[in-house]
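Throughout, residue positions are numbered sequentially from 1 according to the sequence presented.
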Amino acid sequence: MRSNRAKMRAGVSMAATLPMVVGALALGIPAAHAADGPARNALKGTKPAWATAKADKGATADSAQVKARVYLAGRDASGLAAYAKAVSDPSSPLYGKYLSAKKAQARFGATKAQVAAVKSWLTSAGLTVTGVTSHYVAVSGDVAAAEKAFGTQLHNFAKGSKTYRAPAQNATAPADLKGAVLTVTGLDNAPHKSDHDDQLPPPDAVFKNAGPFSSYYGSDVASTLPSAYGKQIPYAVKGYTGKQLRAAYGAGGYTGEKVRIAITDAYASPTIAYDAGTYAHKNGDAAWKTGQLHQVLPKNYTKTEECGAAGWYGEETLDVEAVHAVAPNADVTYVGAASCYDDDLLDSLSKVVDSHLADIVSNSWGDIEANQTPDLAAAYDQVFQLGAVQGIGFYFSSGDNGDEVANTGTKQVDTPANSAWVTAVGGTSLAVGKGDTYLWETGWGTEKASLSADGKSWTNFPGAFTSGAGGGTSATVAEPYYQKGVVPDSLAQANNAAGNRVVPDISAIADPNTGFLVGQTQTFPDGTEKYSEYRIGGTSLAAPVIAAVQALSQEARGGKAIGFANPSIYAKYGKKGVFHDVTDDPTGSGLAVARVDFANGYDATDGLLTSVRSLGKDSSLSAVKGYDDVTGVGTPANGYVQSYRRH
């Protein structure tokens, strides 16, 4: 689910080709204002990797308009990172000594003098300040003013079939600002930034599963269909519910009481309260209490067509219902972004941190690492670190396209899951048996083969790779200390002898063929809008499930926030009964399910499509004994929540 919606965050731009100016600037000769004057400090990473000399199409017209954000480094950027590490590390004397939002801002945030100096610098160059927050100063103006402010030329560069604007060299800031500037974003316009405001569209077109179904794994065997891996296979489950997931991941008697969870996505489902309440009633979850579900929404929404706003309703619905199913007494706050672009998603994360809306934040969105630029990575990491010092942990889905080769042609991980300051959540195929018994899990990776015309075999079995949990080794993020000694060198050193960040950290149910039942108001073919239910998956499911399990763990801990969880998670690795060690073929005989789908997605009018879905086939990634790049340290076992109990 995640990949179809969240990847639009940075992948659907429709940029116009900017006018080309030929002359000295096209040759990259710096203008006088970039070479002369007071000393300046480079803002590393502000020239994107794709802005190469070969791709250079010449200088952008001086009159073209720029909208940028100058992110503020604050009083003590290195101190912020050090404190964030210390309060998150169980072996540190500062572990758990969190700061309030107000104290964090006072200790690490930008001073009034720094903000005033940054504003003065920008306005003196001819830019107009359009907004100021505790995190950034937003400006607009023409290219000539932006070039003067940031000491670099803006050129047009070819990127794929499009042409975008970007700095020809790294941007700079005056040295007399004394490090007040963290970075600047918006100097490159890939993807294109749209200005218009839209109202939210109605719910997406209906999607329903056909069946037959298993009510639990293996309950309904497809005896009339061909065998796979030498045996008859079961039909896919109708969709697990909260009772089954709570049993699988060791919830015990914990419910997330007095724990706050935030969920960030783009836009907001207009029917979320009704859908969540109806789903809980129909599927045995505790009823929502008055005031248990909150929404924090922007004044206006933008780029609704580019981002497919209605598609995000299902994302919010899945996240809210999955969190409540596993942690039924947790307080849930949905924080909707104005669009699916980085600036707006960063604003949503910042709202959680600035007002400490929750201790646990579930995020079912992301993009490929190749689309992440160092300037944005710095802005994200600053928010994650400000959260960590307050005891706030961020959980990001690792992606739904395995190693991304089939999707992009390049082996890579997803972002922001690649950040060393978040918990990256991978995915599994989950088998819950009769009586809510945990049977096994595989790494989520699916190969699909269709039923032959004569119904006697599976065509080209096991078929082609369709989807799987994102994972692998980052090309840009150094190996964090907490992964050393747990992550095999063969993974950590895949891109760098010094070692890089490997994704994911922990995992949970994600395979849509062993997925979660969700209920949502959808638009039917006759134009009516009605509540209906369907099975769904993706690491969009795994992230809120793990967030909910963390809420149970925080309750077990006596309500004390876990904060940034990775140091704690890796410290528990290898302890008996804490994690399910997930492998690709736990039964040793190959695993698959039969699936029947409506050809048109909602009824049998246009026929049925029957296929076999093999489990544990995640592109080039493999779930093996011990840590792996599909499931991380594994999934929560019966001892996981209990391991947080304070003795």
Checklist entry - What closest approach, in Å, do Gly443 and Thr631 show between heavy atoms, and which atom pair accounts for it? => result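 Of all heavy-atom pairs spanning Gly443 and Thr631, the closest is CA-CG2, 4.0 Å.
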Can you tell if the side chain of [X] reaches within under 4.5 Å of the side chain of [Y], non-hydrogen atoms only?
X      : Y      : value
Gln244 : Thr241 : yes
Gln522 : Tyr531 : no
Tyr240 : Val432 : yes
Val502 : Ser474 : no
Val503 : Asp629 : no
Phe465 : Thr446 : no
Ile263 : Val323 : yes
Ser269 : Tyr334 : no

Can you list everything that forms a side-chain contact (heavy atoms from CB on, under 4.5 Å) with [X]? Sequence neighbours excluded, please.
X      : answer
Ser214 : Ser219, Asp220, Pro234, Tyr235, Val237
Ser568 : Pro90, Tyr95, Lys572, Tyr644
Ser620 : Asp403, Lys411

Item to check | SB check Asp597 Arg613 (cutoff 4.0 Å) | outcome: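 Salt bridge between Asp597 and Arg613, a charged N being under 4.0 Å from a carboxylate O: yes.
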Checklist entry - Relative to Tyr216, does Lys434 satisfy both conditions: NZ or CZ under 6.0 angstrom from the six-membered ring centre, and within 45 degrees of the ring's axis? => result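 That pair does not qualify as a cation-pi contact.
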My understanding is that only residues two or more places apart in sequence, or in another chain, count here; which of them pass salt bridge (charged side-chain N to carboxylate O under 4.0 Å, His left out) with [X]?
X      : value
Asp436 : Lys243
Asp331 : none
Asp505 : Arg501

Checklist entry - So Ser419 and Phe396, side-chain contact (heavy atoms from CB on, under 4.5 Å) or not? Walk me through it. => result CA-CA 10 Å; Ser419 170; Phe396 276 88; over 6 Å; no
Results of ring-ring contact (aromatic ring centres under 6.0 Å, His included) for [X] - residues two or more places apart only:
X      : result
Tyr279 : Phe516
Tyr395 : none
Tyr249 : none
Tyr627 : none

Checklist entry - Which residue pairs satisfy the side-chain hydrogen bond (donor to acceptor under 3.5 Å, both in side chains) criterion with at least one member in residues 221-230, sequence neighbours excluded? => result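 Residue pairs with at least one partner in residues 221-230: Tyr229-Ser614.
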Next on the checklist: Could you walk me through whether Thr410 and Glu404 satisfy the side-chain hydrogen bond (donor to acceptor under 3.5 Å, both in side chains) test, starting with their C-alpha distance in whole Å, then the side-chain angles of each, then the deciding distance to 0.1 Å, before giving a yes or no?
Outcome noted: CA-CA 6 Å; Thr410 302; Glu404 292 287 358; over 6 Å; no
Next on the checklist: As a test of understanding, state which of Tyr573, Phe579, Tyr254 forms a ring-ring contact (aromatic ring centres under 6.0 Å, His included) with Tyr640.
Outcome noted: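 Only one of Tyr573, Phe579, Tyr254 forms a ring-ring contact (aromatic ring centres under 6.0 Å, His included) with Tyr640, namely Phe579.
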Item to check | Any donor-acceptor N/O pair, Asp585 side chain to Thr583 backbone, under 3.5 Å | outcome: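 It does not hold such a pair.
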Item to check | Given Asp618, Thr514, Asp511, the one that forms side-chain hydrogen bond (donor to acceptor under 3.5 Å, both in side chains) with Ser429 | outcome: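 Answer to the side-chain hydrogen bond (donor to acceptor under 3.5 Å, both in side chains) test with Ser429 among Asp618, Thr514, Asp511: Asp511.
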Around [X], counting heavy atoms of other residues, nucleotides and ligands shown, do more than 12 lie under 6.0 Å from its [atom1]?
X      : atom1 : result
His281 : NE2   : no
Lys289 : NZ    : yes
Asn460 : CG    : no
Lys208 : NZ    : no

Item to check | Residue pair Gln412 / Thr408, side-chain donor-acceptor N/O under 3.5 Å | outcome: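 Yes, Thr408 and Gln412 have a side-chain donor paired with an acceptor closer than 3.5 Å.
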Next on the checklist: Is the ring pair Trp312/Tyr267 parallel, tilted or perpendicular, if the boundaries are 30 and 60 degrees?
Outcome noted: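 Trp312 and Tyr267: perpendicular rings.
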Item to check | Sequence-distant partners of Thr635, side chain to side chain donor-acceptor pair (under 3.5 Å), two or more places apart | outcome: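 Side chain to side chain donor-acceptor pair (under 3.5 Å) check on Thr635 returns Glu441.
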